[in-house]
Amino acid sequence: QADTAMYQAKSNGRKKVYFFDVKMQRKADKRLHIYNCLKSAIAKNELFLHYQPQHMVQNGEIIGVEALVRWHLGGKQQISPAEFIPIAEETDLIIDIGIWVLQAACRQFVEWQLQGVNVPQLSVNVSTRQFHDNNFVDSVLMVLEETGMDPMQLNLEITESVVIEHAEDAIRKMTDLKNIGVSFAVDDFGVGYSSLSYLKRLPANELKIDRSFIQNIPYNVSDMAIVEAVLAMAKHMGFNVTAEGVESRQQLEFLQRQQCSFYQGFYASKPLSAEYLALYIKRLQG
Ligand code: C2E
Ligand code: MG
Ligand code: MG
Ligand code: MG
């Protein structure tokens, strides 16, 4: 009850609802409903993961998978993480979800290896609030130890927003984890409050170009110019680049011409259950 009140106060403060508005009230009610359901879903272990394959642009080889959280609200309709993750992120609920996702994904990854399913790398999304939690580094270490996951095969996806506040702290945390072998990707690159001076200092290994720059290729010349520019910059700064949301052969061919390293998207595969991912890999690797 206490944190329900806190949630309301916070969401009101942020949205500046100082007057009565039916639409806004309804939206707030819906968010509160989602928040409460999500909280009990975590307790009841109702979240699950799908995995989207990531490939080499040049030869299609599989280089890893990205874990993506899934949830059927009320046991029925799917609700997108793009909708419920931001709600979780307004409170410490995101910390519980984040640890659960990391644990479940690492456990599955180790399980695949025991089954002889060779997945080279596991990418896990880390939200900004989760990253800034004081126990973040320790909780990653704990999960690695508990699951037996090799840190060299773990890649954490963060967004540019982690360095907007507490840049020194963020860089220190990333460096600590990098020192034991964990790598980092900057997710949704290009749509955040990109600051190139921070990017220069970020100890990340990879940039993931946001889907919005890929989706209108080959029809939007500005988007193509942006992708080319990001690739040139990344090359000089020593970042690998993954293109997100590749849906067509023309898009893949453009990325081949531009010598982009990696891609993921519906053109190769949608996110798959652990079971289907294993079949996908077996089929690919023969
Ligand atoms: P993201 O990390 O950028 O993940 C990529 C999203 O793009 C996924 O959506 C994926 O299904 C979708 N996608 C991949 N290829 C294509 C394509 O070719 N076309 C289109 N239209 N979409 C494609 P999803 O799974 O709905 O996740 C949305 C966002 O929610 C993620 O964006 C990420 O920011 C967040 N999210 C998902 N799982 C987690 C999680 O476990 N923890 C955290 N903190 N955030 C998560
Ligand atoms: Mg991601
Ligand atoms: Mg994202
Ligand atoms: Mg993304």
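Start at 1 and go down the list; that is how both ligands and their atoms are numbered. Being a predicted model, the structure only gives us computed values, none of them experimental.
By the 4.0 Å N-to-carboxylate-O rule, Glu111 lies too far from Arg107 to be salt-bridged with it.
Not a single heavy atom of Glu89 lies less than 4.0 angstrom from ligand 1. Contact analysis puts Glu247 in contact with ligand 1, with a non-hydrogen atom separation below 4.0 angstrom.
For Glu157, every N, O or S atom stays at 2.8 Å or more from the Mg ion (ligand 4). Using a cut-off of 2.8 Å, one finds that Glu66 contributes an N/O/S atom close to the Mg ion (ligand 2). With a cut-off of 2.8 Å, the Mg ion (ligand 4) has no N, O or S atom of Asp210 in range.
Members clustered with Tyr219: none, using a 4.5 Å side-chain heavy-atom cutoff among hydrophobic residues.
For a threshold of 3.5 Å applied to N or O pairs, the pair formed by Asp188 and ligand 1 contains at least one separation below that value. Backbone and side-chain nitrogen or oxygen atoms of Arg211 are examined, and one is located within less than 3.5 angstrom of a nitrogen or oxygen of ligand 1. The shortest N or O to N or O distance between Val69 and ligand 1 is below 3.5 Å. For ligand 1, the polar-atom distance check against Glu66 finds a nitrogen or oxygen pair separated by under 3.5 Å.
Note that CZ of Arg129 and OG of Ser161 are 13.0 Å apart. Values are rounded to the nearest 0.5 Å. Atoms CD and CD, on Gln259 and Glu228 in that order, are 11.5 Å from each other to the nearest 0.5 Å.
At a heavy-atom distance under 4.0 Å, only side-chain atoms of Arg70, from C-beta outward, approach ligand 1. By the criterion of a heavy-atom distance under 4.0 Å, the side chain of Pro271, and not its backbone, is placed next to ligand 1. At a heavy-atom cutoff of 4.0 Å, ligand 1 is contacted by no atom of His50, backbone or side chain.
A heavy-atom distance below 4.5 Å is not found between the side chains of Phe184 and Pro203. Asp187 is not listed as a side-chain neighbour of Ile158, based on a closest heavy-atom distance of 4.5 Å or more.
Aromatic ring orientation, Phe131 versus Phe136: tilted (interplanar angle from 30° to 60°).
Atoms of ligand 1 found under 4.0 Å from any heavy atom of Gln52, numbered from 1 in the order shown, are 14 (C), 15 (N).
Vertex the Mg ion (ligand 2); arms to Asn125 OD1 and Asp187 OD2; angle rounded to 10 degrees, 80°.
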When you look at Trp100 and Phe48, which way does the ring-ring contact (aromatic ring centres under 6.0 Å, His included) test go after all the steps? CA-CA 9 Å; Trp100 182 86; Phe48 58 105; 8.7 Å; no
Applying ring-ring contact (aromatic ring centres under 6.0 Å, His included), run through His50 and Tyr276 and close with a yes or a no. CA-CA 9 Å; His50 276 179; Tyr276 274 96; 9.3 Å; no
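Side-chain contact of Gln264 with Glu66: a donor-acceptor pair under 3.5 Å is present, judged by distance alone.
For the residues Asn125, Val101, Asp187, the heavy atom positioned nearest atom 46 (C) of ligand 1 is part of Asn125.
As for Asp188, its N/O/S atom nearest the Mg ion (ligand 4) is the one called OD1.
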